[in-house]
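Here is the structure we will look at, set down as structure tokens.
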Amino acid sequence: RFEAGGIAGRIAEVEPMGRETLYLVESDLGALRVLEPGSSVRHGFGDPVAVAFDADATLIFDRASERLVSGHARMPS
């Protein structure tokens with residue numbers, strides 16, 4: 001989700017998908033994808049943003065194989 005104080009990045013792509021919008025954010029960690037609910041596009045190409053993660057709603061993929069990493073560590077509650 002977009003949240004002040006999160007990982008800094010810039011919007012690289014915006015894909016409106018009807019009931020939600022998929023953003024590609026370039027950051028120092030690499031490319032991050034953020035799926036935001038709602039039909040309104042809130043950010044445009046090049047906009048600075050900050051991304052935060054909800055450990056229970058985050059999927060992590062291996063960069064080399066592009067496969068989902070199962071059993072990844074979750075942040076403590």
Side-chain angles (χ1 to χ4, degrees):
R1 66 185 177 273
F2 296 111
E3 185 175 300
I7 298 164
R10 291 202 177 271
I11 300 293
E13 292 180 21
V14 179
E15 185 177 344
M17 298 173 24
R19 290 187 265 176
E20 54 202 10
T21 303
L22 179 62
Y23 296 93
L24 178 65
V25 177
E26 291 294 337
S27 75
D28 287 344
L29 294 177
L32 306 172
R33 287 180 173 79
V34 178
L35 186 62
E36 189 172 56
S39 59
S40 298
V41 174
R42 297 187 328 145
H43 306 285
F45 180 80
D47 286 354
V49 293
V51 178
F53 295 93
D54 177 353
D56 292 328
T58 300
L59 300 175
I60 298 175
F61 292 85
D62 179 85
R63 183 179 286 185
S65 69
E66 297 183 354
R67 292 180 185 242
L68 181 64
V69 176
S70 61
H72 64 275
R74 294 193 182 264
M75 296 172 58
S77 304

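These values consider heavy atoms only, across backbone and side chains, with no hydrogens, waters or symmetry-generated copies. These numbers come from a predicted model, not from an experiment.
In this structure, Asp62 CG and Arg67 CZ are separated by 9.5 Å, a value rounded to the nearest 0.5 Å. Here the CZ-NE2 distance, from Phe2 to His43, works out to 4.5 Å after rounding to the nearest 0.5 Å. With values rounded to the nearest 0.5 angstrom, Tyr23 atom OH is found 13.0 Å from Glu13 atom CD. For the atom pair CD1 (Ile7) and CG (Leu32), the distance works out to 6.0 Å, reported to the nearest 0.5 Å.
The minimum heavy-atom distance between Glu26 and Ala12, with the atom names listed, is CG-CB, 3.6 Å. Minimum interatomic distance between Ala31 and Leu24 (heavy atoms only, all atoms of both residues): CB-CD1, 3.7 Å. The two residues Val25 and Gly9 have their closest heavy-atom pair at CG1-CA, 3.9 Å. For Ser27 against Ala8, the heavy-atom pair with the smallest separation is CB-O, 3.4 Å. A pairwise comparison of heavy atoms in Pro48 and Arg10 identifies CD-NH1, 3.4 Å as the closest pair. In plain terms, the two heavy atoms of Ala50 and Ala4 that are nearest each other are CB-CA, 4.4 Å.
The hydrophobic cluster containing Leu22, built from Ile/Leu/Val/Met/Phe/Trp/Tyr side-chain heavy atoms closer than 4.5 Å, also comprises Met17, Leu35.
Legend: residues meeting side-chain hydrogen bond (donor to acceptor under 3.5 Å, both in side chains) with Arg1, ordered by chain and number and at least two apart, are Glu3.
Clustering ILVMFWY residues whenever any of their side-chain heavy atoms sit less than 4.5 angstrom apart, transitively, puts Val41 in a cluster other than the one holding Phe45.
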